[in-house]
Amino acid sequence: MDYKNIESFNEGIIIKDVENFELDHIFECGQCFRWNKQDNGNYIGVAYGKVIEIEKKDKDVKIYNIDEDEFNKTWCDYFDLKRDYTTIKEKFEKDPLLKRSVNFGYGIRLLQQEPFELTISFIISSNNRIPMIKRAINNLSLKWGKSIEYKGEIYFAFPTEADLERASLEEIQSCGLGFRSKYVKDTVHRVHSGEVNLEFIKSQSDDVCHEELQKLSGIGPKVSDCIMLFSMQKYSAFPVDVWVKRAMQFFYLAPDVSLPKIRIFARDKFENLAGFAQQYLFYYARENNIKIE
Ligand code: 8HG
């Protein structure tokens, strides 16, 4: 089904009257690493081998550098535009605690990103800070990704598994991945050789997907949850990092509870919407720098 409310203009397309779509909330909520805010408030990002610029004006969203066909084929799902976030938020708002996070990040949408890129990106995320993760991913792309021109500037696509297979361990290390370099190298090799098929893993149930991803190097329960949530549409995932742990302790639980227990508690409570709840909580906790006594 094609999305109805779109119009073309000379530089791209306009989506009219979009609900639940705030650029800062979407791009700063922790789910993506390749979108950057511009001085005029627009965001420019690289995904699916393209450079895209996005602007919000009143209730309309303008996407530069794509046409209607590309929108219907790729970007409508990338921005998760077929999903009714109002209904999800109404459910969450019945919980007075989650309501605070939803009111704060009311324009969040979970992007449907590419499994290979997200697998490598979240291996890099382990024990790492977001600015460092962004830098390492950008370095990998500069070195091995395809170059793309947009408005006179050169950008780089995230490398394919064939591109990255050519990189030596030392070259990967030189991109600032530290101890994660060997995990990336091994995972790239297993995906490239066909031993592991990410599309097959994506086609499995949430629990199988969570287990299968953890068979790759450098992927534990948390990283596996992020990959399946952000690139495989497995919405029962509930990645628990320090921010989500603090948010859950702050709002719901005793302070000394373990990460696996938090995950189980949240999946019971939020069921197949756990991943959405997690994103509102992560964004709220990180932006407000919440602390536990
Ligand atoms: O969206 C995210 N959710 C959770 N739970 N953790 C995340 C997200 N994004 C992200 O980068 N992280 C991890 O949090 C990676 C890193 O360990 C830390 C950075 O704050």
Side-chain angles (χ1 to χ4, degrees), residues 22-36 45 47 78 80 85 88 92 98 101-102 104-105 107-115 117-138 140 158 176-180 183-184 206 210 213-214 218-253 257-267 269-270 273-292:
E22 291 300 325
L23 304 185
D24 290 338
H25 301 178
I26 293 171
F27 299 121
E28 309 292 351
C29 76
Q31 63 180 326
C32 55
F33 303 110
R34 304 218 65 211
W35 285 90
N36 292 306
Y78 180 82
D80 206 22
Y85 280 77
I88 296 175
F92 288 165
L98 191 50
S101 295
V102 170
F104 181 77
I108 286 178
R109 286 178 169 266
L110 289 187
L111 302 172
Q112 298 184 22
Q113 303 177 74
E114 294 171 88
E117 174 175 340
L118 273 264
T119 300
I120 302 305
S121 298
F122 276 94
I123 292 174
I124 296 172
S125 85
S126 71
N127 282 313
N128 210 347
R129 292 183 315 107
I130 288 176
M132 303 300 287
I133 304 167
K134 284 180 90 164
R135 191 176 311 162
I137 293 170
N138 193 47
L140 283 181
F158 190 83
L177 278 70
F179 70 91
R180 306 161 200 89
Y183 303 138
V184 166
D206 291 32
H210 193 240
L213 285 169
Q214 289 181 66
I219 303 185
K222 149 78 203 318
V223 168
S224 181
D225 268 325
C226 287
I227 298 166
M228 67 194 251
L229 178 59
F230 302 138
S231 71
M232 299 183 174
Q233 292 86 61
K234 304 298 190 216
Y235 298 110
S236 71
F238 194 85
V240 186
D241 73 308
V242 284
W243 292 114
V244 171
K245 181 171 187 255
R246 282 185 199 168
M248 292 299 282
Q249 289 169 333
F250 190 74
F251 289 135
Y252 300 108
L253 298 160
V257 71
S258 71
L259 300 190
K261 279 201 183 129
I262 295 175
R263 182 174 192 269
I264 292 164
F265 173 89
R267 290 190 56 175
K269 187 169 172 58
F270 306 124
L273 297 178
F276 298 98
Q278 178 277 151
Q279 217 58 40
Y280 295 110
L281 290 167
F282 180 84
Y283 184 57
Y284 180 87
R286 188 165 172 266
E287 293 290 316
N288 294 292
N289 199 13
I290 65 165
K291 293 203 168 67
I292 305 296

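Ligands are counted one by one from 1 in listed order, and the atoms in each one are counted from 1 as well. The chain is numbered in sequence order, starting from 1.
Judged by distance alone, with hydrogens and angles left aside, the side-chain atoms of Ser224 form no donor-acceptor pair with the main-chain N or O of Ile219 at under 3.5 Å. When atom types are taken as modelled, the side chain of Arg180 and the backbone of Ser126 share a donor-acceptor pair closer than 3.5 angstrom. Listed for the Gln279 side chain is a donor-acceptor partner under 3.5 Å among the backbone atoms of Cys29. With Gln278 contributing its side chain and Val240 its backbone, the two residues share no donor-acceptor pair below 3.5 Å.
Using a 4.5 Å cut-off on side-chain heavy atoms (C-beta onward), Arg286 and Glu28 make no contact.
Atoms of ligand 1 found under 4.0 Å from any heavy atom of Val244, numbered from 1 in the order shown, are 5 (N). Atoms of ligand 1 lying under 4.0 Å from any heavy atom of Gln279, numbered from 1 in the order shown and given with element: 1 (O), 2 (C). Heavy-atom proximity to Pro239, at under 4.0 Å, picks out these atoms of ligand 1: 5 (N). Which parts of ligand 1 touch Ser125 is read off a 4.0 Å heavy-atom cut-off, strictly below it: atoms 15 (C), 16 (C), 17 (O). Close approach of ligand 1 to Trp243 is summarised as follows: ligand atoms under 4.0 Å from at least one heavy atom of the residue are 20 (O).
A perpendicular orientation is assigned to the rings of Phe270 and Phe92, their planes being inclined by more than 60° (bins at 30° and 60°).
From Phe104, atom CZ reaches atom CG of Asn288 across 4.5 Å, with rounding to the nearest 0.5 Å. Note that CD1 of Ile262 and CE of Met248 are 6.5 Å apart. Values are rounded to the nearest 0.5 Å. The line from OH of Tyr235 to CG of Leu110 is 6.0 Å long, rounded to the nearest 0.5 Å.
Nearest non-hydrogen protein atom to atom 10 (C) of ligand 1 is Gly30 O, 3.6 Å. Nearest protein neighbour of atom 13 (C) of ligand 1, counting heavy atoms only, is Lys222 NZ, 3.2 Å. For atom 7 (C) of ligand 1, the nearest protein heavy atom (residue, atom name, distance) is Phe282 CE1, 3.4 Å.
Checked by distance only, ligand 1 and Asp241 come closer than 3.5 Å through their nitrogen or oxygen atoms. Checked against a 3.5 angstrom limit, the closest N/O atoms of Ile130 and ligand 1 fall outside it. Polar contact check, Cys226 against ligand 1: no nitrogen or oxygen pair lies under 3.5 Å apart. For ligand 1, the polar-atom distance check against Ser126 finds no nitrogen or oxygen pair separated by under 3.5 Å.
The part of Asn128 lying near ligand 1 is the backbone, judged by heavy-atom distances below 4.0 Å. At a heavy-atom cutoff of 4.0 Å, ligand 1 is contacted by the side chain of Gln278 but not by its backbone.
Using a 4.0 Å cutoff on heavy atoms, Phe33 counts as a contact of ligand 1.
The heavy-atom pair separating Phe158 from Arg34 by the smallest distance is N-NH1, 3.3 Å.
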